[in-house]
Structures are given as C-alpha cells and as structure tokens.
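Working notes for the structure below.
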Amino acid sequence: MNSPNPALVTQRAAQRLPRIALLLFCAAYVLPGLFGRDPWKSADITAFGYMLGIAEGRTPWYDPTLGGLPADNALLPYWIGAAFIRLLTPWIDPAFAARLPFALLLVGTLVGVWYATYHLARTESAQPLPFAFGGEAAPIDYARAIADGALLALIASLGLLQLGHETTPELAQLASVALFLHGFAALPFRVVQSRVALLFALPALAASGAPSIATALGIVSAVLCRLSPDVETRRATLWVCASAVASALVAAVLGAWGWRLGRLGAPGQVIGVVRLLVWFTWPTWPLALWTLWRWRARLSSRHIMFPLLCAGTSLGACVAMGGSDRALMLGLPPLAVLAAFALPTLQRSTSAAIDWFSVFFFSIAAITIWVIYISIETGVPAKPAANIARLAPGYTPVFSVLALMLAVAATLAWIWLVHWRTRRTRHPLWKSMVLPASGVSLCWLLVMTLLIAPLDHARSYRSLVERIARQVPRASCVAAPGMPRAQVAALEYLGRYRVDAVTPPASTTCPYLLLLETRGQPGRAGDGWLLVTRERRSANEDEATAVYRRATSAPALGS
C-alpha cells in the first residue's frame with residue numbers, strides 16, 4: 001500500500017549540487033547565442049525592430065510602429081530593449097545591447113524557479129517522512145536538492161531552448177511567471193518579499209502581452225490563498241487580488257487586451273497540438289504526471305496544487321490559441337517544479353532509463369553536429385557540406401579557434417559527466433536530471449559555436465538586404481506594402497532604409513518599391529514602376545522580394 005507521503009529521503013540523498021557546477025550549467029545554457037549573430041527571423045528581429053525604432057527616436061515609446069505597422073502592445077519588453085540600446089549603443093552593437101536584458105530575464109527565470117521550488121519543498125506537506133531511527137533528510141537540505149532538480153529540469157526542457165534565447169516579449173512573460181511562482185511559494189517564509197513579487201508579477205505579465213493569462217493566474221491564486229490553512233498565505237489574498245486588478249488596468253491603459261483565439265476542429269490540428277505537448281515539454285511532462293500519481297493523496301497541498309493550476313492555465317491558453325507554443329512556454333516553469341517532486345519517488349530502474357536515454361540521444365546529436373562541422377571545414381564527408389550549401393547558399397566557411405576550443409571543452413565535459421553518472425553510484429535527488437540538462441546545454445553550445453556562422457547566414461536577413469542594396473541605395477525611402485514585419489525590421493536595421501509598409505504603390509512618394517511574391521504569382525506594382533530584380537533569401541524559399549523603381553527616377557545601382 002502506498003504511503004500518503006511517498007518521499008523517503010536520506011540525508012545522503014539530500015546533497016546539494018555544487019554551486020560551481022550549477023553556475024557552469026547555467027552559463028553553458030544562457031551565454032551561447034548571445035554573441036556573434038544577427039537577429040533571426042521572424043519574431044526575434046521583429047521585436048528588435050520595434051526596440052530599435054524606439055531607441056533611435058523614429059517611433060514613439062507609447063505607440064511604436066515598424067514601417068508604419070503598429071506593435072502588438074507588449075510594450076514593457078520593447079521599452080526594456082530600447083533602454084538598453086540607448087544606454088549601450090555607443091559602445092556595442094544595438095542587437096547585442098538588446099539581447100543583454102533578455103539574457104538577464106532568462107537568468108531571472110532560472111533563479112525564480114529555483115527559489116519557488118525551494119520554498120514549496122520547505123512546507124510541511126512536501127517534507128519527506130521521518131525514519132524510525134533517524135537519518136532522514138534535513139528540511140533545508142531536502143529543499144535545496146529538490147530546487148536543484150527543478151532548475152535542471154527547466155534547462156532540460158526542449159521547448160525553452162530556442163524561444164528562451166530570443167529577444168521577444170515571451171521571455172519577459174516567462175520571467176514574470178517565474179517571479180509569480182516565487183512570490184506565491186515564499187508567502188509563509190518571506191512575507192514582504194513575496195507580497196512585492198506578487199504585486200509586481202501580474203502587471204508585468206500583462207504589460208508584456210499576456211493580460212488574459214495574468215488575470216487567470218490571479219483568480220486561481222486568489223482562490224488558493226483564501227483556502228490555504230497557512231495564515232500568511234490567507235492574508236495575501238488581497239495582495240493577489242490587487243495584483244490581478246492592477247494587471248487588468250495596465251492592460252487597459254496600454255491597449256493590450258485582445259483575443260487571439262484559434263480553432264482545433266480538424267483531427268490533424270488536434271494531433272499537432274498533442275505532438276507539440278509531447279516534445280515541447282519533454283522531459284518535464286512525464287515526471288510531472290508521475291508526481292501527480294505518487295502524490296495523489298496530497299493533491300490539495302500547495303506544493304502540488306499551485307504549480308499544477310499554473311501549468312493548467314498555460315495549457316488552456318495554448319489550446320485556446322490553436323496550439324500556440326509561446327503560450328505553452330509559460331507552463332514550463334510550473335512543470336519543472338512539479339517534475340522536481342517526482343525525483344524523491346523515482347525507482348533506480350527509472351533513473352537508469354533516463355540516464356541511458358540521455359546518453360544515447362545527446363551523444364548521437366553531438367556526434368552529428370561534429371560531423372557537420374568537420375564536413376564544412378574539410379569537405380569530408382561531402383554530403384553534410386552539400387546540405388549546408390543548399391540551405392545557406394553563398395555561405396563561406398569561417399574558422400574560429402575560440403569556437404573550436406569551447407566546443408572541445410564542452411564535449412570533454414560531457415564525456416566526464418557520462419562517466420561520472422554511469423560508472424559510480426550517486427545518491428543525490430537531482431542525479432536523474434544531470435544528463436538531460438547537460439545534454440541540452442552541450443548541444444546548444446555546440447550549435448552556437450561550431451555551426452553559428454552557417455546558421456546565422458541561413459536565418460538572418462543580412463544576405464538578402466546586401467543583395468537588395470546593390471540595386472537600392474542605402475538610406476533610401478522604400479515602399480513595402482504587405483511586407484512581413486520581420487523583413488521590414490531587417491530593411492531598417494541592416495539596410496538603414498526608411499520603410500513605408502502601409503502606403504499602396506500608387507500613393508507612395510518613395511522612389512523604390514519592394515513587393516513580396518510567391519513562385520508563379522508575381523506581384524502587381526501598377527503603372528509607373530519598373531522591375532529591377534527578384535531576390536530570395538535562399539534558393540529553396542517560395543517567396544521572393546521583387547525590387548521596383550519608378551520609371552522616371554534615376555537608374556538603380558548596378559542596372
């Protein structure tokens with residue numbers, strides 16, 4: 001018969017992860033991708049375009065536009081990025097300046113999840129059972145070990161890998177959710193600090209473009225606070241309600257209210273959402289389900305119910321929006337918290353299965369990355385290099401000693417970790433999350449060092465803008481009606497063009513016109529425009545940018 005409390009933890013199992021190792025894990029996850037690249041299509045460069053326009057004074061702070069196209073009212077992240085650009089641009093590149101605060105937001109998310117789990121694990125209902133003759137884990141040591149496991153589980157989440165390293169409003173939303181988790185979890189222990197966190201988190205979430213999720217989290221948390229047996233948690237009910245009301249007011253003032261609902265009518269759409277849930281939240285979702293099963297006698301406890309309802313809110317938003325991965329991303333922090341409470345209940349065979357799957361999967365992925373890199377640099381084997389040439393036409397290999405040294409060091413560290421985990425018996429609770437988290441960090445670091453140059457060439461608009469600049473002088477006025485926001489941002493940042501993306505071709509005063517066309521469907525520029533050229537980002541894309549100039553203007557460069 002299962003015990004109502006399934007956690008049986010010895011003091012030896014409650015060892016915390018060495019702080020140096022924890023910091024190295026976080027650094028290997030956060031820093032790669034911060035340097036040496038342009039903003040990528042499409043959400044990344046779109047958000048950066050609004051930030052750059054605000055910073056350079058080309059558009060107002062309260063109502064930013066991009067080529068005349070209004071923003072989505074996620075103003076707080078745009079203000080943060082614009083402030084860093086204005087502060088640091090004289091010394092560093094604007095794109096790097098804009099990425100810095102979002103890297104700090106990712107760090108804040110990791111810290112928020114650690115402290116939220118730590119405080120939840122300190123509650124009486126989450127503590128392990130005492131042994132008859134002593135030797136059980138000390139409460140603080142147990143909480144630290146569980147929190148280390150939650151942090152590793154979040155790093156191991158596949159869905160956070162790309163979206164967590166973009167310069168987009170969703171990262172500010174993620175940090176707000178982590179702050180809210182921390183604020184609620186710390187109520188019995190850090191009264192003032194937790195109330196301030198609760199009061200700030202939901203308005204920040206609303207100002208970052210997610211007012212509906214902020215309101216839903218406020219309602220759910222207010223109910224939990226009111227029903228909590230803890231006195232300090234019940235007293236925080238008014239604070240949570242005030243935060244929810246403030247988030248609604250902030251959304252109204254910023255004009256952030258809006259419904260982005262999608263329909264899941266077709267079976268294929270439902271299957272797509274299920275597939276998204278399976279891979280996007282891996283490996284936290286199976287561990288979270290195991291937590292719910294093993295802790296089923298204590299589902300009403302705050303360390304289970306609160307992260308469960310937060311994750312459910314995010315899942316509901318994802319489904320309501322037709323399978324939005326960016327809404328689902330907000331459920332990763334509470335899922336990591338839930339996953340951490342599965343660690344004290346895992347059997348040795350389950351931990352071994354997680355280890356061997358991680359060793360196999362991430363070792364194959366790392367070997368693949370190395371093979372592609374060697375092929376690019378040496379031409380042997382030939383097929384990977386040919387594939388890169390097809391996906392990134394015009395790319396010229398660039399050798400970097402620093403990138404190679406970092407990649408070699410990361411690979412050697414992975415080999416050592418695999419040896420440490422598989423050759424020796426280790427007891428800490430977080431042991432099952434070490435290889436998944438380090439495997440994700442390894443592959444991300446390898447890609448961002450060995451393959452960053454061809455990847456940047458393929459995902460950046462720089463090569464397209466440079467080809468357009470051969471025909472259109474830089475800093476010219478360019479009409480681009482119907483052009484995607486990402487390409488408008490690229491034209492303004494990389495080409496320094498003055499882009500008008502709202503005026504029709506017949507009404508614009510700009511001497512040049514850019515239209516987005518698809519294969520077999522040429523655009524209609526109308527009378528008075530002469531076609532200069534058509535340019536694609538790559539030979540495989542169906543879309544092309546058609547470049548026109550006025551029939552009465554001077555010949556284009558190179559024509």
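All values reported here derive from a predicted model rather than from experimental measurement.
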- Message: Any donor-acceptor pair under 3.5 Å linking the side-chain atoms of W414 with those of S363?
- Response: yes

- Note on the structure: The complete set of salt bridge (Lys or Arg N to Asp or Glu O under 4.0 Å) pairs with one or both residues in residues 138-152, sequence neighbours excluded, reads R19-D148

- Please list, chain by chain and in numerical order, all residues satisfying ring-ring contact (aromatic ring centres under 6.0 Å, His included) with W239, sequence neighbours excluded. none

- Query: According to the interplanar angle, ranging from 0 to 90°, do the rings of H165 and W444 count as parallel (below 30°), tilted (30 to 60°) or perpendicular (above 60°)?
  - Reply: tilted

- Query: Looking just at side-chain N and O atoms, do T411 and W370 make a donor-acceptor pair shorter than 3.5 Å?
  - Reply: yes

- Message: Looking at W285 and V278, would you say the former's side chain and the latter's main chain have a donor-acceptor pair under 3.5 Å?
- Response: yes

Identify all side-chain donor-acceptor contacts of residues 325-342 below 3.5 Å with residues at least two apart in sequence or on another chain.
residue : atom : partner : partner atom : Å
R326    : NH1  : E166    : OE1          : 3.2
R326    : NH1  : E170    : OE1          : 3.4
R326    : NH2  : E166    : OE1          : 3.1

- Please confirm whether the backbone N or O of S438 pairs with a side-chain atom of S441, one donor and one acceptor, at under 3.5 Å? no

- List in chain and number order the residues that pass side chain to side chain contact (heavy atoms under 4.5 Å, CB included) with A246, two or more places apart in sequence or in another chain; answer none if no residue qualifies. P203

- Do M448 and L455 have side-chain heavy atoms sitting under 4.5 Å apart? yes

- Heavy-atom side-chain contact between Y373 and T449 under 4.5 Å: no

- Message: Suppose we screen for salt bridge (Lys or Arg N to Asp or Glu O under 4.0 Å). Which residues come up paired with R235, at least two apart in sequence or across chains?
- Response: E232

- Message: Any side-chain to backbone donor/acceptor pair from R275 onto G272? Under 3.5 Å, distance only.
- Response: no

- Message: My understanding is that only residues two or more places apart in sequence, or in another chain, count here; which of them pass side chain to side chain contact (heavy atoms under 4.5 Å, CB included) with I369?
- Response: C443, L446, V447, L450, L451

Show me, pair by pair, the donor-acceptor contacts under 3.5 angstrom made by side chains of residues 149-161, not counting sequence neighbours?
residue : atom : partner : partner atom : Å
S157    : OG   : A153    : O            : 3.0
S157    : OG   : L154    : O            : 3.4

- Could you pull out the closest heavy-atom pair between L120 and A185, with the gap in Å? CG-CB, 3.6 Å

- Note on the structure: So side chain to side chain donor-acceptor pair (under 3.5 Å) across residues 179-203, not counting sequence neighbours, yields H182-Q193

- Which heavy-atom pair separates S432 from L346 by the least distance, and what is that distance? OG-CD1, 4.0 Å

- Does a side-chain heavy-atom distance below 4.5 Å link Y50 with D72? no

Hey, can you pull the donor-acceptor pairs under 3.5 Å for the side chains in residues 216-228, sequence neighbours left out?
residue : atom : partner : partner atom : Å
S221    : OG   : L217    : O            : 2.8
S228    : OG   : D230    : N            : 3.1

- Is a donor on one side and an acceptor on the other found under 3.5 Å between the side chain of R302 and the backbone of F184? yes

- Message: If the condition is side chain to side chain contact (heavy atoms under 4.5 Å, CB included), which residues does F189 pass it with, not counting sequence neighbours?
- Response: H119, R122, T123

- Minimal heavy-atom distance between V30 and A103, with the atoms involved, is CG1-O, 4.0 Å

- Query: Do T168 and P77 have side chains that get closer than 4.5 Å, going by heavy atoms?
  - Reply: no

- For L238, the side chain to side chain contact (heavy atoms under 4.5 Å, CB included) test, sequence neighbours excluded, returns none

- Query: Can you tell me if Y142 uses its side chain to pair, donor with acceptor, with the backbone of A126 under 3.5 Å?
  - Reply: yes

- Assess whether side chain to side chain contact (heavy atoms under 4.5 Å, CB included) is satisfied between L202 and L198, documenting all intermediate values. CA-CA 7 Å; L202 294 185; L198 290 175; over 6 Å; no

- Message: In terms of relative ring orientation, are Y118 and Y115 parallel, tilted or perpendicular, with 30° and 60° separating the classes?
- Response: perpendicular

- Does A138 offer a backbone N or O that forms a donor-acceptor pair with the side chain of Q11 under 3.5 Å? yes

- Not counting sequence neighbours, which residues clear ring-ring contact (aromatic ring centres under 6.0 Å, His included) with F102? List them please. none

- Query: Is the CZ atom of F35 crowded by more than 12 outside heavy atoms at less than 6.0 Å?
  - Reply: yes

- State whether the number of non-hydrogen atoms from other residues, nucleotides or ligands found under 6.0 Å of I364 atom CD1 is greater than 12. yes

- Message: Applying the side chain to side chain contact (heavy atoms under 4.5 Å, CB included) criterion to F362, which one of V418, I367, V440 satisfies it?
- Response: V440

